[in-house]
Amino acid sequence: MPFALNHMTTPRGSARDLLDMAGTLGCAGIELRNDLDGPLFDGETPEAFAERAADAGLQIYGLAEITRFNVILADNLAPAKALIATAARCSAQGVALIPQVSEGVMSGAEQRAALHAALLMLQPILEDHGVRGLIEPLGFVQSTLRHKADAMAVLDALGRPACFGLIHDTFHHHI
């Protein structure tokens, strides 16, 4: 089974450090995060960093993260569009879609409705760029998308578009 490193494993290290570590450990690739200090690609262009990764025999599996993706309003898609475009430029396979964490608790029906609306907005953007949106149900009570079964029900209703996938993060489900 191929392994990849998420930049959160070395949050103070640079993206180049992450590539070096992944190569040393025999990993297949990496996931970079936009929520850490410092520029996403250590100041390089996405294309140059993709070339650096390819030269090291590594894949950029994903960029994280589009936060609160399931409550995105149509007039506030700019950050999502920008990260999806950046993912395409660095040849990343996908972008992590992280649901909102709320003070209250949403019912399952509300969670599915919000997810459905968000996926309809994101689908054409992802398809235009050839990037997958990787939905990450968080599992804990305050998450506005808790369960993979709810995400799958919405994906089934949409005909399971190829531009979407699921992430299972054991940490969030443990909490």
Side-chain angles (χ1 to χ4, degrees), residues 1-72 76-102 118-119 122-123 125-140 142-146 148 151 162-175:
M1 175 186 301
F3 286 90
L5 287 181
N6 182 308
H7 203 162
M8 191 55 82
T9 59
T10 61
R12 291 189 180 103
S14 70
R16 286 184 210 111
D17 292 341
L18 184 67
L19 276 180
D20 291 344
M21 183 184 295
T24 299
L25 294 173
C27 294
I30 61 169
E31 178 186 46
L32 294 171
R33 298 182 62 105
N34 63 357
D35 61 343
L36 299 175
D37 290 337
L40 192 57
F41 302 105
D42 297 341
E44 292 186 52
T45 66
E47 295 85 358
F49 195 83
E51 187 173 322
R52 180 185 295 276
D55 288 347
L58 297 167
Q59 169 70 46
I60 301 173
Y61 284 115
L63 299 182
E65 59 196 23
I66 297 174
T67 59
R68 301 173 357 111
F69 85 95
N70 57 332
V71 295
I72 291 175
N76 192 24
L77 279 174
K81 287 179 179 178
L83 191 63
I84 292 166
T86 300
R89 289 179 58 203
C90 74
S91 302
Q93 293 180 7
V95 294
L97 302 175
I98 309 300
Q100 180 178 14
V101 176
S102 176
L119 296 185
L122 291 171
Q123 183 175 353
I125 302 164
L126 292 163
E127 289 175 343
D128 286 348
H129 287 88
V131 173
R132 292 186 84 198
L134 303 170
I135 304 163
E136 187 170 341
L138 296 182
F140 46 90
Q142 293 83 8
S143 174
T144 56
L145 179 61
R146 291 189 65 195
K148 289 184 294 299
C163 66
F164 293 112
L166 289 178
I167 295 175
H168 177 75
D169 187 328
T170 56
F171 170 75
H172 291 124
H173 289 272
H174 173 74
I175 293 174

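- Remark: Thr144 engages Asn70 in a side chain to side chain donor-acceptor pair (under 3.5 Å) (not counting sequence neighbours).
- Here the CG atom belonging to Leu19 is positioned 4.0 Å from the CD1 atom belonging to Ile30, to the nearest 0.5 angstrom.
- Residues Ala28 and Tyr61 approach most closely at CB-OH, 3.2 Å, considering heavy atoms.
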Side-chain polar contacts of residues 51-59 - donor-acceptor pairs under 3.5 angstrom, sequence neighbours left out - could you list them?
| unit_1 | atom_1 | unit_2 | atom_2 | d |
| --- | --- | --- | --- | --- |
| Arg52 | NE | Glu44 | OE2 | 2.8 |
| Arg52 | NH2 | Glu44 | OE2 | 3.0 |
| Gln59 | NE2 | Ser91 | O | 3.0 |

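- Summarising the geometry of Leu32 relative to Ala15, their closest heavy-atom pair is CD2-CB, 3.9 Å, with the distance given to 0.1 Å.
- Residues meeting the side chain to side chain donor-acceptor pair (under 3.5 Å) test with Gln142, sequence neighbours left out: none.
- In this structure the side chain of Leu40 reaches within 4.5 angstrom of the side chain of Leu63, judged on heavy atoms.
- Rounded to the nearest 0.5 angstrom, Glu136 CD and Leu145 CG are separated by 10.0 Å.
- When the ring pair (Phe, Tyr, Trp, His ring centres under 6.0 Å) test is applied to Phe41, the partners found at least two apart in sequence or on another chain are Phe49.
- Remark: Leu166 CG to Leu134 CG distance equals 8.5 Å, nearest 0.5 Å.
- Qualifying side chain to side chain contact (heavy atoms under 4.5 Å, CB included) partners for Asp20, counting only residues two or more places apart in sequence or in other chains: none.
- Using a distance-only test at 3.5 Å, with no hydrogens or angles considered, a donor-acceptor pair links the side chain of Asp42 to the main chain of Arg16.
- Partners of Thr45 by side chain to side chain contact (heavy atoms under 4.5 Å, CB included), not counting sequence neighbours, listed by chain and number: Glu47, Ala48, Arg89.
- Note on residues 23-35: pairs passing side-chain hydrogen bond (donor to acceptor under 3.5 Å, both in side chains), not counting sequence neighbours, are Asn6-Glu31, Arg33-Asp35, Arg33-Glu65.
- Of all heavy-atom pairs between Cys163 and Gln123, the closest is SG-CG, 3.7 Å.
- Remark: Ala88 pairs with His129, Val131 by the side chain to side chain contact (heavy atoms under 4.5 Å, CB included) rule, at least two apart or across chains.
- In this structure, CE in Met21 is found 5.0 Å from OG1 in Thr10, a value given to the nearest 0.5 Å.
- Nearest heavy atoms, Ala151 versus Pro137: CB-CG, 4.3 Å.
- Applying the ring-ring contact (aromatic ring centres under 6.0 Å, His included) definition to pairs two or more places apart or across chains, none involves residues 8-32.
- Contact of the Val95 side chain with the Leu126 side chain is registered, since non-hydrogen atoms from C-beta on lie closer than 4.5 Å.
- The CG atom of Leu83 lies 9.0 Å from the CG atom of Leu97; values are rounded to the nearest 0.5 Å.
- The shortest distance between side-chain heavy atoms of Leu77 and Leu122 falls below 4.5 Å.
- Taking every heavy atom of both residues into account, Asp17 and Gly13 meet most closely at OD2-CA, 3.8 Å.
- When every heavy atom of Ala4 is checked against every heavy atom of Cys27, the shortest pair comes out as CA-CB, 4.3 Å.
- A donor-acceptor pair under 3.5 Å is formed between the side chain of Arg132 and the backbone N or O of Phe164.
- Among residues two or more places apart in sequence or in another chain, the side chain to side chain contact (heavy atoms under 4.5 Å, CB included) test is passed with Pro11 by Met8, Leu36.
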